[in-house]
Amino acid sequence: MEEINQLIKIRRDKLDVLREKSINPYPYHFERTHQSNDILEDYEALQEKPVKIAGRIMSVRLMGKAAFCHLQDSQGKIQVYLRKDEIGDEALEMFKILDIGDFLGVDGRVFKTKTGEITIFADKIELLSKSIRPLPIVKEKEQDGEKVVFDQFADKELRYRQRYVDLIVNPEVKEVFVKRSKIITAMRDFLNQHEFLEVETPVLQPIYGGAAARPFKTHHNTLDTTLYLRIANELYLKRLIVGGFDRVYEFAKDFRNEGMDRFHNPEFTQVELYVAYKDYFWMMEFVENLFTYIASTVLGTTQIKYNGHDIELKAPWRRLSMFEAIREFTGTDISGMDETALRSFADKLKIEIGPELGAGKIIDEIFGEKVEPNLIQPTFIIDYPVEMSPLAKKHRTNPRLVERFEPIIGGKEIANCFSELNDPVDQRARFMDQMDLKARGDEEAQVLDEDFLRAIETGMPPTAGLGIGIDRLVMLMTDQPSIRDVLFFPHMRPESK
RNA sequence: GCACCUGUAGCUCAAUGGUAGAGCAGCUGACUCUUAAUCAGUUGGUUGAAGGUUCGAGUCCUUCCAGGUGCACCA
C-alpha cells in the first residue's frame, strides 16, 4: 500500500467533507467564456462585463468574509475576488477548505481593484477538480518592474521526473515547449510549401543503417527474429526516391544506444528530407532559407542569443571546407596526410586516437577538438573525407572527399547533408570498407544492407539529402543549455523505491 | 564507463562530531480591496539506503542508490 503522508491525508479528508455538503469534487464540465489573457488584454471592452473562467488555484489570501486568489489557465494567471455577500455563506465556506492546486470555475464580472489589478469579481464559484497532492509553492513579487521569484521549484531531478509539476509552477518551461511545437510546425509548413511529401518509414528494422551508431536491439516473437530500433531513416527514404517520389521528408524518433549528456538522449527527433535532381550546393541555400523562415516565423527575428553569444541566422552563411577549417584553427594543412601522418599530428595536438580509427575518423577527431567549438556564427563545413561518409557521393573534383556539409551554429553541428551516393558499385565498395572497419573493432561502422543496394542498383536519380537534429535546433532557438530542457520527459533511470 | 559535486519537512534552505531548525505550504483562530497579504497559535523528520569509526554521526570512513557538471563516445 502506498504510503500516505499527512498532507495528502488532510486533503483526502476534505473530499469527504465536500461530499457531505453534496459538492461533487469531480464534476464533468464547465463552460468558460474567456481565458486569463483574453481578459487582461481586452480590459477596456470587458470592464464590468460578465465572464466565466476556469483554472487552477495558485495562491490564496483569505480575509475573513472575503478572499482573493489567483487562477492559472493555459494562457496565464488572473486574480479572483470573492466576498461573502456576493457568493454566499456556503460558497465561501467551501472555498476556505480548497487548496492550492484545485481547479475552480468562476462566474463573475471584470473589474479593477483599488491597487489596479484586473480581477474577476465572483458571483458564483464551482469546484472543478480537487487536488490531493501538495504543489510546490512558488511566490513572486514585482520589484522595480522586475519579477522576483521566491522558493522556486528548482530541483532538476524532480523537475524532469515530474514534468507536470514543473509545467504548472515554472511558466517559462511551458514557453520552451510551445516554441518547440511552433518550430516543428514552421518546418513542416516550409517543406509542404516546397512540394515535399511527408512519409512514414519503419521504426523496427531488421538491419539498422544510415548512421554510425550502436542500436537498441529487440525481438519479434512471432517471427522469432532480431529487430533493431532505427538509428536513422535514411536508407528507407532513399528507397522512396528510387520509387519515384521526388521530395520526401519524415520527422523521426531515432534511437541510439549510447551515453547520455547535455546533447544526447537515447531517443531523439530528427527530420530527414531528400530531394531528387539536386546536389549539396542546392541544399545549402535551402537550409539557409529554412532556418531564416523558422526563426522569423517563430521568433520574429533572425538574430538569436545562444549561450551568451549573439548569432545571426540570415543568409548567406560562411562556407569552409573541412581542411580549410582545420588549417585556419591549427595552422596546419592536413589535406595531403596519410593515416600515419595524421596520427602523429593528432598526437602533437594532444588528441587521443584509438588504434581502431581510420584516417577519416582521425580527421573528424581533430575537427571536433580544434575547430567545431569555435564556430559560433552559422558556418557550412563542406567536403568531408570519404572514409567517414559511406553514403555520400564522391566529390566531383577530389576522389578522396565526398560532397557533404554540416552547418555548425553555436559551436555545435545542427544538421548533416550530402549529395547522395547513387553509384551502386561504389556504394557496395563503401559498405565493404565499413565491414573492414567493423572487423578492426569500430562498433559504429555501418552494416551492409543488401536490399538497400538492390534499390540503388535499380537506379536512383541524383539526390540531395539532409538531416536536422530537432532537439538541438530547439535548444539553439530557445537558448536552452541541455537537451533535457527541450524534451518533456528526458530519459532518466527508473525511480527506485 | 571515469572524475568531481550534491542529496536534511510537501517546496526553498540552516545546523564548530554534542537535544535536527527556519521561511513558505498545511492545521486552529482573527480579518469584506489583498497580492511574497498580515497577526496569534500549532502539526510535520528512519537527515537518499546499508554498514563502520566514536561515549555520541546530518556531520568522519566504506559500499550502494539517485541527480547535476565535466571527460570519453555519439547527433
Side-chain angles (χ1 to χ4, degrees), chain A residues 5-11 13-14 58-70 77 79-87 92 96-97 99-101 111-117 119 121 131-143 147-162 165 169 210-214 231-232 254-270 272 351-352 354 357 361 364-365 368-369 406 412-416 442-444 467-473 475 481-484 490 492-497:
Chain A
N5 71 33
Q6 193 189 10
L7 292 173
I8 291 180
K9 190 179 177 307
I10 290 168
R11 288 179 174 218
D13 291 344
K14 287 179 178 179
M58 294 302 287
S59 64
V60 176
R61 293 170 292 286
L62 286 176
M63 301 173 51
K65 298 185 183 62
F68 287 90
C69 68
H70 273 93
K77 285 183 203 171
Q79 184 170 251
V80 175
Y81 179 46
L82 312 155
R83 46 195 283 179
K84 188 176 169 179
D85 48 20
E86 295 290 328
I87 64 169
L92 191 69
K96 280 182 179 174
I97 65 166
D99 291 290
I100 286 170
F111 83 114
K112 239 181 209 176
T113 61
K114 71 177 181 194
T115 51
E117 178 162 352
T119 301
F121 201 127
S131 154
I132 60 166
R133 190 174 283 274
L135 218 48
I137 307 298
V138 179
K139 301 213 167 189
E140 54 193 36
K141 168 182 163 182
E142 294 266 337
Q143 201 165 51
K147 212 178 233 182
V148 191
V149 180
F150 300 84
D151 297 336
Q152 184 154 36
F153 179 60
D155 185 298
K156 287 248 176 91
E157 179 175 357
L158 289 177
R159 288 183 49 206
Y160 296 145
R161 287 195 195 277
Q162 299 179 39
V165 174
V169 302
R214 283 148 65 191
I231 58 172
D254 292 339
F255 306 85
R256 299 191 183 174
N257 206 340
E258 285 153 357
M260 302 147 56
D261 62 25
R262 215 145 71 71
F263 296 100
H264 301 86
N265 195 65
E267 54 181 290
F268 65 102
T269 305
Q270 193 174 211
E272 287 197 38
I351 300 170
E352 281 192 39
L357 298 187
K361 278 256 184 181
D364 193 35
E365 288 293 320
E369 195 68 29
E406 289 190 353
K412 208 75 199 170
E413 59 194 282
I414 200 98
N416 185 17
D442 186 346
E443 287 193 68
E444 288 160 358
I468 301 173
I470 298 295
D471 311 292
R472 289 190 183 174
L473 177 67
M475 285 168 68
S482 169
I483 196 168
R484 295 182 202 99
M492 305 283 269
R493 281 198 168 78
E495 281 180 271
S496 55
K497 247 205 172 156

- [ ] Could you let me know what B:C2 is paired to, Watson-Crick or G-U wobble, both distances under 3.5 Å, or none if it's on its own?
- [x] B:G70

Open item on the list: Need the pair for B:A9. Rule: Watson-Crick or G-U wobble, both distances under 3.5 Å, any strand; none if unpaired.
Closed with: none

- [ ] Would you indicate what A:Ala212 reaches in the nucleic acid, counting non-hydrogen atoms under 4.0 angstrom: base, sugar-phosphate, or nothing?
- [x] sugar-phosphate

TODO: Could you check which nucleotide pairs with B:U47 in any of the strands shown, counting Watson-Crick or G-U wobble with both distances under 3.5 Å?
DONE: none

- [ ] Pick base, sugar-phosphate or nothing for A:Gln152, based on heavy-atom distances below 4.0 Å to the nucleic acid.
- [x] sugar-phosphate

Open item on the list: Nearest whole Å is fine: how far is B:G68 C1' from A:Tyr160 OH?
Closed with: 9 Å

- [ ] Mind checking A:Arg262 for me? I need base, sugar-phosphate or nothing, with any heavy atom below 4.0 Å counting as a touch.
- [x] sugar-phosphate

TODO: Would you classify A:Lys77 as touching base, sugar-phosphate or nothing, given that sugar-phosphate means primed atoms plus P, OP1 and OP2, and contacts are heavy atoms under 4.0 Å?
DONE: nothing

Open item on the list: Please pick, from B:U12, B:C33, B:G26, the nucleotide with the shortest atom-to-atom distance to any side-chain atom of A:Asp99.
Closed with: B:G26

Task: A:Asp261 (side chain) and B:C73 (base): donor-acceptor pair under 3.5 Å - done: yes

- [ ] For A:Asp254, report the nucleic acid contact type (base, sugar-phosphate, nothing); a contact means any heavy atom under 4.0 Å.
- [x] nothing

- [ ] Tell me whether the OP1 or OP2 atom of B:A25 has a side-chain N or O from A:Arg61 closer than 4.0 Å.
- [x] no

Task: Nearest-neighbour nucleotide for the A:Phe68 side chain, B:G44, B:C11, B:C33 considered - done: B:C33

TODO: Using only side-chain N and O atoms of A:Arg484, determine if any of them is under 4.0 Å from OP1 or OP2 of B:G68.
DONE: yes

Open item on the list: Just N and O in the side chain of A:Arg161: are any of them under 4.0 Å from OP1 or OP2 of B:G67?
Closed with: yes

Task: Sugar-phosphate, base or nothing in reach of A:Ile10, heavy atoms under 4.0 Å - done: sugar-phosphate

Task: A:Lys141 side chain, from C-beta outward: closest of B:A36, B:C33, B:G67 - done: B:A36

Task: B:A20: pairing nucleotide in any strand, Watson-Crick or G-U under 3.5 angstrom - done: none

Open item on the list: Which nucleotide, if any, forms a Watson-Crick or G-U wobble pair with B:G29, using both distances under 3.5 Å?
Closed with: B:C39

Open item on the list: Does B:A37 have its OP1 or OP2 closer than 4.0 Å to a side-chain nitrogen or oxygen of A:Lys139?
Closed with: yes

Open item on the list: From C-beta outward on A:Lys14, which listed nucleotide comes closest to its side chain: B:G67, B:C27, B:C33?
Closed with: B:C27

TODO: Measure the distance from CZ on A:Phe263 to C1' on B:G70 and round it to the nearest whole Å.
DONE: 12 Å

Open item on the list: If you go through the side-chain atoms of A:Gln79, does one of them form a donor-acceptor pair with the base of B:U34 closer than 3.5 Å?
Closed with: yes

- [ ] Would you mind classifying the nucleic acid contact of A:Leu82 as base, sugar-phosphate or nothing, using non-hydrogen atoms under 4.0 angstrom?
- [x] nothing

- [ ] State which of B:C31, B:C11, B:U32 makes the closest approach to the side chain of A:Leu62.
- [x] B:C31

Task: Distance, nearest 0.5 Å, that separates CZ of A:Phe268 from CG of A:Asp471 - done: 8.0 Å

Open item on the list: Any base atoms under 4.0 Å from A:Ala232, or only sugar-phosphate, or nothing? Heavy atoms, all strands.
Closed with: nothing

Task: Short side-chain N/O contact from A:Arg133 to OP1 or OP2 of B:G10, under 4.0 Å - done: no

Open item on the list: Quick check on B:G26: is either OP1 or OP2 less than 4.0 Å from any side-chain nitrogen or oxygen of A:Arg11?
Closed with: no

Open item on the list: Using heavy-atom distances to pick each residue's nearest nucleotide on RNA chain B, tell me which of A:Ile137 and A:Ala415 is more 5'.
Closed with: A:Ile137

- [ ] Quick one: label A:Phe255 by what it contacts on the DNA or RNA (base, sugar-phosphate, nothing), any heavy atom closer than 4.0 Å.
- [x] nothing

- [ ] Would you tell me if any nitrogen or oxygen in the side chain of A:Arg472 comes within less than 4.0 Å of OP1 or OP2 on B:A75?
- [x] no

Open item on the list: What contact category does A:Asn257 fall into here, base, sugar-phosphate, or nothing, at under 4.0 angstrom with non-hydrogen atoms?
Closed with: nothing

Open item on the list: Applying a 4.0 Å non-hydrogen cut-off, can you work out what A:Glu365 is touching in the nucleic acid: base, sugar-phosphate, or nothing?
Closed with: sugar-phosphate

Open item on the list: Counting only side-chain nitrogens and oxygens, does A:Lys65 get under 4.0 Å of the OP1 or OP2 atom of B:A30?
Closed with: no

Task: Ring centroids of A:Phe268 and B:A75 base under 5.5 Å with planes under 30° - done: yes

Task: Nearest-neighbour nucleotide for the A:Glu117 side chain, B:U34, B:C11, B:U43 considered - done: B:U34

- [ ] Give me the ring orientation class for A:Phe111 and A:Tyr81: parallel if the planes are under 30° apart, tilted from 30 to 60°, perpendicular past 60°.
- [x] tilted

Open item on the list: Students often get this wrong, so: under 4.0 angstrom with heavy atoms, is A:Arg493 touching a base, only sugar-phosphate, or nothing?
Closed with: sugar-phosphate

